[in-house]
Amino acid sequence: MRLLQDSNTERIRIRCQLGVHSRDGIYSVDAAGIFKLLKPVQVSPDLVRTFAVQVGVPAVYPYLRAELQMAARRLGLKPPILQLFRPEGQGLLDGGTPAA
C-alpha cells in the first residue's frame, strides 16, 4: 500500500493506493478521504502523518477492499481476500512506505 497525504488549514486529504498480486492477475485500486477541520488551524506534517495512518487509512481501507472485490467480479475472476488492516503490519508506522 502506498499512502499519500496533504493538508491545508481547512482539511486533511489522504489517498491510498493498493496493489495486489494474485494467481489471476495484478490489481491496482485506490481510494481517498477528505477530512474537514472544524476551524482553520495549521497542522504539523508529523501530526498529519499520524492522523493519516491512525485515522485516515482505517477509514478508507474498506473502500479499497470493496473496489478490489468489484474489479475482480467485473473481470469474472475470483476476488482476492485481503487481511484486516493493521498499520503496524503495513510498514506505515515505521516509515516503510513513502508518503507524498
Side-chain angles (χ1 to χ4, degrees):
M1 181 184 305
R2 183 166 181 224
L3 171 62
L4 301 100
Q5 79 266 336
D6 73 344
S7 66
N8 61 27
T9 59
E10 297 177 358
R11 56 121 178 98
I12 297 173
R13 186 171 52 179
I14 68 155
R15 181 176 176 192
C16 299
Q17 298 173 322
L18 179 65
V20 176
H21 295 254
S22 76
R23 68 184 154 106
D24 292 330
I26 300 171
Y27 299 89
S28 179
V29 295
D30 65 307
I34 299 173
F35 301 86
K36 186 174 180 183
L37 302 173
L38 292 176
K39 61 181 180 178
V41 63
Q42 191 65 33
V43 182
S44 74
D46 287 342
L47 187 56
V48 170
R49 174 78 175 161
T50 300
F51 177 85
V53 170
Q54 294 182 357
V55 177
V57 175
V60 170
Y61 193 71
Y63 296 97
L64 289 170
R65 291 177 66 175
E67 187 60 35
L68 181 64
Q69 297 285 316
M70 285 190 299
R73 287 203 165 103
R74 274 181 269 179
L75 294 169
L77 303 172
K78 183 178 176 183
I81 304 298
L82 296 180
Q83 296 179 356
L84 293 175
F85 175 77
R86 290 186 168 86
E88 65 278 3
Q90 302 293 322
L92 296 176
L93 291 180
D94 60 11
T97 301

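- The distance from the CZ atom of Arg2 to the CG atom of Leu4 is 4.5 Å, given to the nearest 0.5 Å.
- Atom-to-atom distance recorded for Ile34:CD1 and Ser7:OG is 12.5 Å, nearest 0.5 angstrom.
- Minimum heavy-atom separation, Ala72 to Pro79: CB-CA, 3.6 Å.
- Of all heavy-atom pairs between Pro58 and Val53, the closest is CD-O, 3.3 Å.
- Remark: Phe35 pairs with Phe51 by the ring-ring contact (aromatic ring centres under 6.0 Å, His included) rule, at least two apart or across chains.
- Between the CD atom of Gln69 and the NZ atom of Lys78 there is a distance of 11.0 Å, given to the nearest 0.5 Å.
- Applying the side-chain hydrogen bond (donor to acceptor under 3.5 Å, both in side chains) rule to Arg74 yields the partners Glu67; only residues at least two apart in sequence or on another chain are considered.
- Applying the salt bridge (Lys or Arg N to Asp or Glu O under 4.0 Å) test to pairs two or more places apart or on separate chains, none has a residue in residues 37-47.
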Table please: side-chain donor-acceptor pairs of residues 10-20 below 3.5 Å, with sequence neighbours left out.
from: Arg11; atom 1: NH1; to: Asp6; atom 2: OD1; distance (Å): 3.4
from: Arg13; atom 1: NE; to: Asp6; atom 2: OD1; distance (Å): 3.1
from: Arg13; atom 1: NH2; to: Asp6; atom 2: OD2; distance (Å): 2.6
from: Arg15; atom 1: NE; to: Asp30; atom 2: OD2; distance (Å): 2.9
from: Arg15; atom 1: NH2; to: Asp30; atom 2: OD2; distance (Å): 2.8

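- Every residue was checked against the ring-ring contact (aromatic ring centres under 6.0 Å, His included) condition with Tyr27, not counting sequence neighbours, and none meets it.
- Residues Val43 and Leu37 are in side-chain contact: their nearest non-hydrogen atoms beyond the backbone lie under 4.5 Å apart.
- Put simply, Val48 and Val41 are part of the same group of oily side chains (I, L, V, M, F, W, Y) that touch within less than 4.5 Å, one to the next.
- Linking ILVMFWY residues whenever their side-chain heavy atoms come closer than 4.5 Å, directly or via other members, leaves Tyr63 and Val57 in distinct clusters.
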**OP:** Check the pair Gln5, Leu3 against side-chain contact (heavy atoms from CB on, under 4.5 Å), reporting the backbone distance first and the verdict last.
**Re:** CA-CA 7 Å; Gln5 79 266 336; Leu3 171 62; 3.7 Å; yes
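- Here the CG atom belonging to Leu47 is positioned 11.0 Å from the CD atom belonging to Gln42, to the nearest 0.5 angstrom.
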